[in-house]
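Per chain, numbering begins at 1; letters A, B, ... match sequence-line order. All of these numbers come straight from a predicted model, not from anything done at the bench.
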There are 2 protein chains.
Amino acid sequence: MPITLRDVAEQAQVSVRTVSNVVAGYTHVSERTRLRVQAAIEELDYRPNLVARTLRTGRTGVLALVVPEIDVPYFAELAREVIDAAAELGYRVMVDQTGHDHERERRLLTGADRTMLFDGVLFSPLVTPGELAEMEPSRSMPLVLLGEHDFDGRYDHVAIDNVQAAHDATAHLIARGRTRVAAIGTQPDEDYTTPRQRTLGYERALHEAGLTPDRELLRPAAHYRRADGYDAASALLTLPQPPDAIFCYSDLLAMGAMRAVFDAGARVPDDVAVIGIDDIEEGQYTHPSLSTVSLDTPFIARQAVGRIAERISDPDTPAIEVTAPHTLVERESTTSTT
Amino acid sequence: MPITLRDVAEQAQVSVRTVSNVVAGYTHVSERTRLRVQAAIEELDYRPNLVARTLRTGRTGVLALVVPEIDVPYFAELAREVIDAAAELGYRVMVDQTGHDHERERRLLTGADRTMLFDGVLFSPLVTPGELAEMEPSRSMPLVLLGEHDFDGRYDHVAIDNVQAAHDATAHLIARGRTRVAAIGTQPDEDYTTPRQRTLGYERALHEAGLTPDRELLRPAAHYRRADGYDAASALLTLPQPPDAIFCYSDLLAMGAMRAVFDAGARVPDDVAVIGIDDIEEGQYTHPSLSTVSLDTPFIARQAVGRIAERISDPDTPAIEVTAPHTLVERESTTSTT
DNA sequence: TTGTAGGCGTTATCAA
DNA sequence: TTGATAACGCCTACAA
């Protein structure tokens, strides 16, 4: 039996309308009644029922953050920033995992779950956009894409320049004197724009340096987890002509790759240099520490949340594309020192 | 203008009551009308409004998972399992970060935010329970504690045996021939039960081995992050008599400690053995890989979610205490091999 | 088996 | 400035 507006109204000898006004802080209420209402609220320990408010106003104050796996450090760090940024704007965040389940991703996007539970969706697909391209951007559910950058302007997105980032990472390896540069993280499915863009940047850097891409050195990774990097790197190291450097499409892949190098009896960076993308905290503490392309995750989160808030208040605002900055961070995994 | 029950009823030429019955799947509905209703639902693409349903039934189908920081790998892995376990029971999960903000933790617990947004709370405090002890377990908000184990039976909790786990880790170091065993992770505030219990287990293992605890070797860690482990271990290594082993109260602390050992020009495990608690995935890939006490996180998550579901359906069910199993996992950081 | 009506707790409209 | 009252969309007695 929770306390309702009516209870407070009765206690304060006013109408519900007046209490509602006091709670909202909005309209003009005489100081005298206001104080009386406040007292009643305190005394009864009244808390507004958000669900009822939502039913009435159509707004829940909740955003959904959809990621493939929350325990992938990059997504966890992103979630942290998103939750904080959302809190500043008065939103709470619901985290959904799609777990590489395309059907689930699609359902979340088409709004099969859009049952008025949240006001907007921040979607960080590892993948999928192919499906998105065919979807009608439903005005009823504000959506901002994170990390994808290959659309036709019908959706908001916030992402880095993937081609440039991959280029920078590869060029860094080449500048350190490496000539057989491998890459881990391609996807068989051409729909996945992020890996495709990164491969593009990788190949562009090779060309600029006059190096010939070797098909053998381009490796897929089913997911972007440590085990995938481990497996791919292990395979690379058994080649007749193994690579002297590996560019991984995520830091987590790089963690697996580094371990694979050790297990093969080689050294990082002396025998094989390794670089990743994301700049997760883990990379500062590994031995050797991991060179990487750093994404400005707080910036991305703040932009995305700000964007969705704007779209919520004005659904017809035109879609925009925000490019987040990235910087190359050189650490031990690409710097021969010892 | 979303589709409502009434729209469907009109389209199918039946009453809302009948449509509701079909949606719920419950009551007896003639096959003929049922099909007609189904068709109408499909055609109009009707989705029940969860908010309205909630207002009526008092249930949201949402659980809150409260953790200090979602980007601490252990909490991220826990969140993953909780989200999955909750989904199996038809619940969605809202992740809240307290960020070491005691006031915020307290507000969440006292239910200042208990505005009917979720049906229950899974609370994994890094800390606090002191406050909890004084609180009235509010029957209005089902609560399950994760990782804490020191209460008087008024709350459900799911946790490992912290004393035993710490004892096992310490005993393992001693069994490997170490005699100056340090510990990182104590808290100045005695209210924090988990660190206190772990210190207890640590000291017990020392005593059993006939070793005298050295106050110098017992180090606090403000939070349980890599940087804290790094700082504490660095300080330990400058002692006149540095330790030959370090037991860290979390794997993340251990990651920082290992890095500190390297930066001090020493080796793990040859000069200093390191062991943690949690068994996060990261520890399998570091170099050297990290020995640890493995928690059965999927078990913990499933127990917790099951428990909260039970308490939601019967608020008066007596509080129980679930002890999750733990196992020692020996890896390279405590095994001299090379 | 199905229809009608009332209420969950808010906010918003319309008077007063 | 404040009061009464109608929605918001759903579920569920109570009837039929």
- Task: List the atom of A/Leu63, the atom of A/Ile312, and the distance in Å for their closest heavy-atom pair.
- Result: CD2-CD1, 3.9 Å
Distance, rounded to the nearest Å, where [X] contributes [atom1] and [N] contributes [atom2]:
X: A/Glu10; N: D/dA4; atom1: CD; atom2: C1'; value: 16 Å
X: B/Leu117; N: C/dG9; atom1: CG; atom2: C1'; value: 14 Å
X: A/Arg59; N: C/dA12; atom1: CZ; atom2: P; value: 11 Å

- B/Asn49 side chain reached by B/Thr4 side chain, heavy atoms, under 4.5 Å: no
For [Y], is there an ion pair with [X] - N to carboxylate O distance below 4.0 angstrom?
X: B/Asp119; Y: B/Arg92; result: no
X: A/Glu88; Y: A/Arg302; result: no
X: A/Glu77; Y: A/Arg80; result: no

- Hey, is the main chain of B/Val16 close enough, under 3.5 Å, to the side chain of B/Ser20 for a donor-acceptor pair? no
Close N/O contacts between protein and nucleotides 6-10 of chain D (under 3.5 Å):
{"residue": "D/dA7", "atom": "N3", "partner": "A/Arg56", "partner atom": "NH1", "Å": "2.9"}
{"residue": "D/dG9", "atom": "N2", "partner": "B/Ala52", "partner atom": "O", "Å": "3.4"}
{"residue": "D/dC10", "atom": "OP1", "partner": "B/Tyr46", "partner atom": "OH", "Å": "2.6"}
{"residue": "D/dC10", "atom": "OP1", "partner": "B/Asn49", "partner atom": "N", "Å": "3.1"}
{"residue": "D/dC10", "atom": "OP2", "partner": "B/Leu5", "partner atom": "N", "Å": "2.6"}

- Message: Taking the minimum atom-to-atom distance to the side chain of A/Val14, which one of D/dG3, C/dT2, C/dG3 wins?
- Response: D/dG3
- Task: Report yes if a donor N or O on one partner sits less than 3.5 Å from an acceptor N or O on the other, where the partners are the side chain of A/Arg17 and the base of C/dT13; otherwise report no.
- Result: yes
- Message: With no hydrogens and no angle check, just 3.5 Å: does a side-chain donor-acceptor pair link A/Glu43 and A/Gln11?
- Response: yes
Looking at [X], does any N or O in its side chain come under 4.0 Å of the phosphate oxygens OP1/OP2 on [N]?
X: A/Ser30; N: D/dT2; answer: yes
X: A/Thr54; N: C/dT10; answer: no
X: B/Thr33; N: C/dT1; answer: no

- Please round to the nearest 0.5 Å and tell me the distance separating atom CG of A/Leu143 and atom NE2 of A/His157. 10.5 Å
- Computed from five pairs at either end and rounded to 10 degrees, the angle between the axes of the helix from C/dT1-D/dA16 to C/dA16-D/dT1 is 40°
- Query: Would you say B/Gln38 has more than 12 foreign heavy atoms packed within less than 6.0 Å of its CD?
  - Reply: yes
